[in-house]
Amino acid sequence: MTGKSLEIRNVSKIYRIGGLIGATKIAAVDRVNLSLSLEAGQAQVLSLVGESGSGKTTLARMILHLVQPTHGEIIIDGMNTGGRLSRSQLRIFRRRAQPIFQNPFESFSSRKTVDSYLFETARNILGAKSKADAYKAVDEALVNVGLSAERVIGRYPNQFSGGELQRISVARAMIPHPELLVADEPVSMIDASMRMNVVNLFKKLRDEFNVTILYITHDLSTAYYVSDRIAIMYRGNIVESGPSAAVLKKPVHPYTELLLDSVAKIGEKWGEVVRLPDMETKEYGYVGCKFAERCPYVRDICRKVKPPMVAAEDGREVLCFKPVDYEDVEQKQVTK
Ligand SMILES: Nc1ncnc2c1ncn2[C@@H]1O[C@H](COP(=O)(O)OP(=O)(O)OP(=O)(O)O)[C@@H](O)[C@H]1O
Ligand SMILES: [Mg+2]
């Protein structure tokens with residue numbers, strides 16, 4: 001495996017809404033750059049947080065090759081996956097990157113036993129040649145999530161709790177030994193008492209199988225707990241990213257500050273607290289900073305010029321004029 005397991009270069013997804021006449025465009029994901037390297041060969045967990053509609057799922061679906069980016073490149077372990085892939089490339093890709101979705105009861109049909117999904121993955125993605133090989137792969141994956149083939153085979157989704165079913169989703173995703181797991185709000189639909197169980201599983205998989213995990217969440221407390229790095233998304237942009245502890249303890253971007261202020265303490269969701277004014281569709285092609293209207297530090301330049309991505313010494317990047325000298329921003333080579 002190369003040094004960078006996931007690299008997102010200048011990726012956008014533009015949606016057109018409405019008919020031919022009066023159609024508007026929105027940038028669900030707007031020129032995102034993000035890379036996740038293996039630090040000294042060690043995989044990391046990256047949390048992607050942001051309020052509803054900020055573009056997290058769209059970004060995740062592009063990484064998973066379920067949605068085609070409008071612009072930009074996505075490179076997973078050296079393989080450019082943003083464009084079209086042939087059948088054989090797709091097979092390779094599915095071995096490298098696997099999804100875990102939000103609602104485990106939707107991931108499995110109620111009419112099929114859950115093991116059918118596991119065996120299908122073992123055969124079609126891992127490439128198990130015999131029944132015995134497939135069984136071995138399925139059992140191993142289930143044992144790694146605290147279950148076993150014996151306990152799971154022959155049962156239907158309604159015979160499991162949401163937490164168990166989500167662990168089975170994780171086991172399914174791990175069957176081909178992927179390098180990257182993309183988990184889109186994997187614990188939001190399951191019982192609060194079972195959440196840490198799944199979150200802890202991510203740490204274990206990172207450490208034991210060196211799998212890079214993109215963990216999408218609204219929940220700052222689990223993000224803080226589980227992730228090595230964090231990226232904060234606001235209206236299609238990653239406005240701040242860096243080591244989780246640094247970003248959450250000492251936010252630099254005014255939006256990260258606002259998020260942390262609006263949760264009375266780490267551990268509460270902010271979805272209900274922070275409301276977005278309805279201006280998304282006007283933002284396409286917006287020249288300045290999208291956060292300018294809500295920013296307590298706003299200056300004239302913020303409304304006129306797209307903010308630079310500023311790199312700080314602690315490994316953090318912030319899309320903002322605030323950390324730089326506003327006046328000489330144009331002379332400084334801080335933009336990526
Ligand atoms: N297929 C689509 N067609 C048009 N607009 C879309 C489509 N998918 C997403 N969007 C828009 O893109 C923006 C980002 O949506 P996305 O689902 O990625 O956000 P999110 O951060 O995952 O939100 P949530 O936290 O609610 O899951 C939203 O404004 C959404 O309405
Ligand atoms: Mg989403």
Side-chain angles (χ1 to χ4, degrees), residues 6 8 10-34 46-72 74 82 97-107 166 169 173 181-190 195 198-199 213-223 226-227 230-241 253 255-256 258-260 262-263 268-286 290-291 293-294 319:
L6 171 65
I8 298 171
N10 211 24
V11 164
S12 298
K13 180 70 194 177
I14 315 294
Y15 284 116
R16 285 177 77 93
I17 313 174
L20 281 176
I21 300 159
T24 45
K25 288 180 184 174
I26 66 156
V29 170
D30 187 10
R31 290 166 286 188
V32 160
N33 285 289
L34 194 63
L46 168 75
S47 289
L48 182 62
V49 301
E51 59 206 86
S52 201
S54 55
K56 305 179 297 296
T57 295
T58 307
L59 185 59
R61 292 179 70 81
M62 288 193 282
I63 295 168
L64 287 165
H65 201 73
L66 299 172
V67 164
Q68 196 82 358
T70 313
H71 310 288
I74 297 173
Q98 278 289 318
I100 295 159
F101 297 110
Q102 185 169 14
N103 188 344
F105 290 100
E106 279 174 8
S107 310
Q166 199 58 311
S169 308
L181 283 185
V182 178
D184 191 353
E185 307 213 33
V187 296
S188 63
M189 305 290 282
I190 63 179
R195 283 187 192 149
V198 173
V199 169
I213 299 172
L214 180 66
Y215 170 63
I216 298 178
T217 185
H218 278 95
D219 178 10
L220 282 175
S221 67
T222 56
V226 73
S227 57
I230 194 164
I232 312 284
M233 238 180 143
Y234 180 75
R235 294 185 170 177
N237 293 137
I238 289 185
V239 293
E240 180 160 4
S241 67
H253 197 284
Y255 177 63
T256 321
L258 177 87
L259 277 187
L260 287 164
S262 60
V263 287
E268 287 177 19
K269 291 189 173 190
W270 66 78
E272 302 79 34
V273 189
V274 182
R275 297 228 180 275
L276 288 180
D278 186 24
M279 57 176 282
E280 274 177 15
T281 50
K282 282 186 234 145
E283 280 173 8
Y284 181 77
Y286 193 77
K290 292 178 191 172
F291 190 61
E293 294 316 314
R294 296 167 71 190
L319 189 71

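Please read all numbers here as calculations on a predicted model, not as lab measurements. The figures that follow rest on heavy atoms only: side chains count, while hydrogens, waters and symmetry mates do not. Order of appearance sets the numbers: ligands from 1, and atoms from 1 within every ligand.
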Are the side chains of [Y] and [X] in contact, using a 4.5 Å heavy-atom criterion?
X    : Y    : value
I26  : I17  : yes
Y234 : L259 : no
L214 : L59  : no

Salt bridge flag under 4.0 Å for residues D219 and R195: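 Looking at R195 together with D219, the answer is no, because their closest N to O distance does not fall below 4.0 Å.
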
If only protein N, O or S atoms under 2.8 Å count, total around the Mg ion (ligand 2):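 For the Mg ion (ligand 2), protein nitrogen, oxygen or sulfur atoms under 2.8 Å: 1.
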
Could you tell me whether a side-chain N or O of [X] sits under 3.5 Å from a main-chain N or O of [Y], the two making a donor and an acceptor?
X    : Y    : result
K56  : I216 : no
Q166 : F101 : yes
T70  : I14  : yes

Side chain, backbone, both or neither: the part of I26 lying under 4.0 Å from ligand 1 by heavy atom: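 It is the side chain that gets close, since no backbone atom is under 4.0 Å.
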
Part of E51 within contact of ligand 1 (heavy atoms, under 4.0 Å):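 Looking at E51 and ligand 1, just backbone atoms fall under 4.0 Å.
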
Enumerated ligand 1 atoms positioned under 4.0 Å from heavy atoms of T57: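 Reading through ligand 1 atom by atom, the close ones are 17 (O), 18 (O), 20 (P), 22 (O), 27 (O).
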
Proximal atoms of ligand 1 relative to E185 (non-hydrogen, under 4.0 Å):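 The list of qualifying atoms is 25 (O), 27 (O).
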
Heavy-atom gap H218 to ligand 1 smaller than 4.0 Å: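 Right, H218 reaches ligand 1.
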
Non-hydrogen atom of R61 closer than 4.0 Å to ligand 1: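 R61 does not count as a contact of ligand 1 under the 4.0 Å cut-off.
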
From I63, V182, L34, residue fulfilling side-chain contact (heavy atoms from CB on, under 4.5 Å) relative to L6: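 Answer to the side-chain contact (heavy atoms from CB on, under 4.5 Å) test with L6 among I63, V182, L34: I63.
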
Aromatic ring pairing H253/F291, orientation class (parallel under 30°, perpendicular over 60°, tilted between):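 Because their plane-to-plane angle lies in the 30° to 60° range, the rings of H253 and F291 count as tilted.
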
G53, any N or O under 3.5 Å of ligand 1 N or O: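 There is such a contact, yes.
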
N/O separation below 3.5 Å, G55 to ligand 1: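 Yes.
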
Gap separating the CD1 atom of I74 from the CG atom of N10, nearest 0.5 angstrom: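 Going from the CD1 atom of I74 to the CG atom of N10 covers 11.5 Å.
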
